[in-house]
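Here is the structure we will look at, set down as structure tokens.
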Amino acid sequence: MGRFPSTPSRPCDVYQELKKRLEAHLRGVLQAKYDLQPDTIAMETPPDLRMGELATPIAFELARKLRKAPKIIAQEIVAALGHLDGFASFEVAGAGYINARLDRAAGARMAAGGEAGAAAGVASGLHSLVEHTSINPNKAAHIGHLRNAILGDTFVRLLRASGQKVDVQNYIDNTGVQVADVVVGFLHLEGKSAADVRALLEELKSKGARIDYYCWDLYARTSSWYEQGIEEDKAARKRLRYATLHEIEHGGNETAEIAELISTAVLRRHLETMLRLGIEYDFLPRESEILHLKFWEAAFDQLKKTGVLYFENEGKNKGCWVMSRATNPVQNQAGPEDDAKVIVRSNGTVTYVGKDIAYHLWKFGLLGRDFGYKPFFTYPNHECWISTENGEEPHPHFGGAQAIYNVIDSRQSDPQANVIQALRGMGHVEQADRYTHFSYEMVALTPRCAVELGYDVSEEDLSRPYIEVSGRKGFGVKADDLIDKLIAATRAEVDARQTSRDEAERQRIAEQIAIGALRYFMLKYTRNSVIAFDFKDALSFEGETGPYIQYAVVRARNIFRKGNTTPEAVLAEFAKLADEAVRGYLTGEAAEDIWTLWLRAGRRTLVLEQCIATSEPAHLARHGFQLAQEFNNFYHKHHILTEEDPARKTFLLATAAVALRELVTVLGWLGIESPEAM
RNA sequence: GCGCCCGUAGCUCAGCUGGAUAGAGCGACUGACUACGAAUCAGUAGGUCGGGAGUUCGAAUCUCUCCGGGCGCACCA
């Protein structure tokens with residue numbers, strides 16, 4: 001069963017519809033013939049199109065129960081299936097498979113009208129909240145953050161395409177040690193006051209320089225400064241670090257003012273960087289408000305009341321409020337539970353997980369408190385709000401979602417599990433079930449790439465398959481650097497090809513291609529595979545890449561431009577063709593590749609649902625590539641505009657129209673634009 | 001010590017709820033631009049799916065075990 005309530009009578013694409021139809025028909029037969037009602041009927045696609053389009057191995061499963069050979073059962077079922085709308089025939093294959101052949105004309109008609117189903121989208125009524133990006137606002141974004149934001153943004157697009165209402169949040173830890181570290185850098189390494197920092201921000205702005213890049217270096221310098229000198233120095237610097245952190249958390253002093261200036265300026269840069277990729281946010285909740293609006297106090301009451309937290313009187317956690325681990329749920333008897341997770345320290349302060357529990361109660365509307373809101377960043381079509389203590393009225397409402405997705409790398413799975421465990425323990429079982437840690441593996445650098453970038457790489461690291469990026473060490477590829485590099489590369493290609501277009505147009509196309517390449521690169525890997533980053537792979541525009549798919553779109557569009565017609569007009573003509581004609585064009589050895597393309601075009605919603613059910617956008621990326629590949633193959637084999645038979649020409653044009661529509665839709669869901677030319 | 005992830009072609013990766021002959025891209029080698037633009041297409045070579053056992057009519061997929069690699073397991077944030 002799916003995670004969410006099923007949506008009855010939802011429009012389906014060809015595959016979904018026919019699969020459902022066949023399944024229902026099979027159930028009828030099994031009921032009438034054997035008085036059986038199996039829970040599920042497995043449906044699959046045969047290895048070769050010549051065997052049919054749908055298949056079921058149901059006869060194998062029934063063999064034992066019915067004490068008959070699978071082949072005999074399959075024959076009996078096939079005999080009983082008779083005729084079914086949308087299907088041409090059923091037959092037994094192999095040792096007992098039941099294969100179904102579609103009525104290709106009917107299938108093509110359904111695929112041609114496919115936009116009705118998908119465009120309607122059908123509101124599932126679910127209100128989801130996706131949190132992604134969440135970069136500490138103390139340095140520039142790097143490639144690891146790009147993977148996070150692209151995965152998150154794409155998933156948002158998929159949820160919206162399926163009809164969900166989605167709020168996009170970017171959590172900002174503006175009062176953590178990481179921000180404290182750059183503040184230490186400004187105060188003690190550079191000797192700057194709040195006024196100096198303000199002047200620096202102005203100066204950088206006037207020069208068009210990036211404050212996040214400035215902080216990238218300062219952060220790395222400060223981190224290494226902590227490690228330098230004699231032990232006494234180190235201890236003193238560590239004390240300074242935590243004193244700074246506490247001043248920032250407390251607020252209302254010059255240190256906090258610098259932290260606010262820097263974190264806000266860096267945050268703006270992050271939003272600008274992500275906007276280059278078409279990534280936008282609705283709300284930016286900040287840790288400073290979670291602290292100052294006392295979210296924790298409200299959560300603490302609930303945690304104590306429900307018994308999730310208990311006070312430890314002995315053992316190593318004596319004097320703390322602790323929670324049992326998710327992996328170790330019950331251990332109430334006999335002695336202190338030293339393995340428990342500390343939520344409130346013996347000095348009375350709350351840990352990160354504690355604050356996170358409070359924040360997640362808010363996300364589900366269970367906290368009984370809310371942020372103040374003020375506008376922060378204006379997008380062409382909407383406003384992005386940020387948390388504040390005393391908000392402005394009126395403001396939109398955030399939080400109170402039914403389902404949440406946290407796009408956070410897999411290293412955080414432990415703390416995420418703790419939060420889910422707390423929710424469950426508090427009795428919020430439904431919410432815990434709809435809490436998804438959308439985890440993914442890191443982006444690392446290949447040793448070769450690290451050397452190429454001029455970093456000192458140890459012997460040990462050189463022998464590894466990849467090296468983890470580190471903001472603290474200043475080791476990694478900055479997001480904007482990569483985007484700039486990609487645009488420069490695509491611009492060179494576009495300049496060589498599009499000699500008649502003007503500067504602005506060429507730049508626009510180059511950006512679309514560069515972003516397409518980047519987004520596709522980050523999406524083509526499944527979430528739990530580590531990406532060992534290399535410029536050679538990321539800067540590739542051939543083969544399984546975003547530009548490959550975009551190029552297929554451009555080719556399809558060119559057909560209609562040169563043919564002086566439109567996809568809409570063509571599909572209207574196609575509707576008038578006789579079924580016999582369409583069936584003829586889609587049948588036979590030479591037509592298999594065309595039929596393959598139509599079939600692929602007819603499974604978009606199926607892939608969408610699979611992506612959502614598994615939280616895996618990579619499936620859609622692959623679907624887009626395969627669609628483009630099959631279209632390119634079709635494009636080469638069949639020259640459309642010189643086709644002499646007018647009916648066949650209409651059919652070929654309709655094929656291109658459907659492919660074009662699907663490619664553009666899929667690319668849109670991946671957040672990739674379809675250029676007019678390449 | 002405990003937990004999670006990974007191991008599939010020379011390289012980088014797919015492989016949907018177990019299903020028929022394990023697929024792409026890159027790289028290598030052959031071919032195809034006077035066609036709707038070759039950022040393309042067609043073809044060839046290349047795999048005991050880390051090893052072993054088990055479950056099953058049927059395993060890359062599920063279970064166990066071993067080997068190899070990565071990441072987590074703080075009163076840090």
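Numbers restart at 1 for each chain; the letters A, B, ... are given by sequence-line order, proteins then strands.
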Distance-only polar pair, side chains of [X] and [Y], donor-acceptor under 3.5 Å:
X	Y	value
Arg555(A)	Asn558(A)	no
Tyr548(A)	Gln629(A)	no
Tyr171(A)	Glu287(A)	yes
Glu249(A)	Thr175(A)	no
Gln626(A)	Glu630(A)	no
Ser529(A)	Glu441(A)	no
Asp181(A)	Tyr226(A)	yes
Tyr440(A)	Asn148(A)	yes
Gln610(A)	Glu616(A)	no

Expressed as a whole number of angstroms, how long is the span from [X]:[atom1] to [N]:[atom2]?
X	N	atom1	atom2	value
Phe533(A)	U12(B)	CZ	P	16 Å
Met51(A)	G19(B)	CE	C1'	12 Å
Lys68(A)	C57(B)	NZ	C1'	17 Å
Tyr97(A)	C57(B)	OH	P	14 Å
Gln626(A)	G25(B)	CD	C1'	12 Å
Arg67(A)	C57(B)	CZ	P	13 Å
Lys65(A)	C57(B)	NZ	P	14 Å
Leu54(A)	A20(B)	CG	P	15 Å

Using a heavy-atom cut-off of 4.0 Å across all strands, would you classify [X] as base, sugar-phosphate, or nothing?
X	result
Gln610(A)	sugar-phosphate
Asp537(A)	nothing
Gln629(A)	sugar-phosphate
Asp39(A)	nothing
Ala55(A)	base
Tyr525(A)	sugar-phosphate

**Item:** Partners passing side-chain contact (heavy atoms from CB on, under 4.5 Å) against Thr446(A) (at least two apart in sequence or in another chain)
**Value:** Arg448(A), Cys449(A), Ala532(A), Asp534(A)

Could you tell me how far [M] sits from [N] if I compare only their [atom1] atoms? Round to whole Å.
N	M	atom1	answer
A45(B)	G25(B)	P	15 Å
G50(B)	C5(B)	C1'	16 Å
C67(B)	G52(B)	P	15 Å

**Complete:** Protein heavy-atom contacts under 4.0 Å, written 5' to 3' over nucleotides 27-40 of chain B as B (base), S (sugar-phosphate only) or - (none), form the string --------BBBSBB

**Asked** Reading nucleotides 68-77 of chain B 5' to 3', which nucleotides get B (base under 4.0 Å from a protein heavy atom), which S (sugar-phosphate only), which -?
**Response** --SSSSSBSB

**Request:** Please lay out, stage by stage, how Val14(A) and Leu606(A) fare under the test side chain to side chain contact (heavy atoms under 4.5 Å, CB included).
**Result:** CA-CA 9 Å; Val14(A) 181; Leu606(A) 191 69; over 6 Å; no

**Message:** Applying side chain to side chain donor-acceptor pair (under 3.5 Å), can you list everything that pairs with Asn406(A), at least two apart in sequence or on another chain?
**Reply:** His360(A), Lys363(A), Gln416(A), Tyr435(A)

**Prompt:** With pairs taken as Watson-Crick or G-U wobble and both distances under 3.5 angstrom, which stems of at least three consecutive pairs involve RNA chain B?
**Reply:**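 Stem list for RNA chain B: B:1-7 with B:67-73, B:10-13 with B:23-26, B:28-32 with B:40-44, B:50-54 with B:62-66.
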
**Request:** With syn defined as a glycosidic angle within 90° of 0 and anti as everything else, classify C33(B).
**Result:**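 C33(B): syn.
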
**Item:** First of Thr526(A) and Asp48(A) reached from the 5' end of RNA chain B, by closest nucleotide
**Value:** Thr526(A)

**Fill in**
salt bridge (Lys or Arg N to Asp or Glu O under 4.0 Å) pairs touching residues 41-53 of chain A, sequence neighbours excluded, are Asp48(A)-Arg50(A), Arg50(A)-Glu589(A), Glu53(A)-Arg104(A)

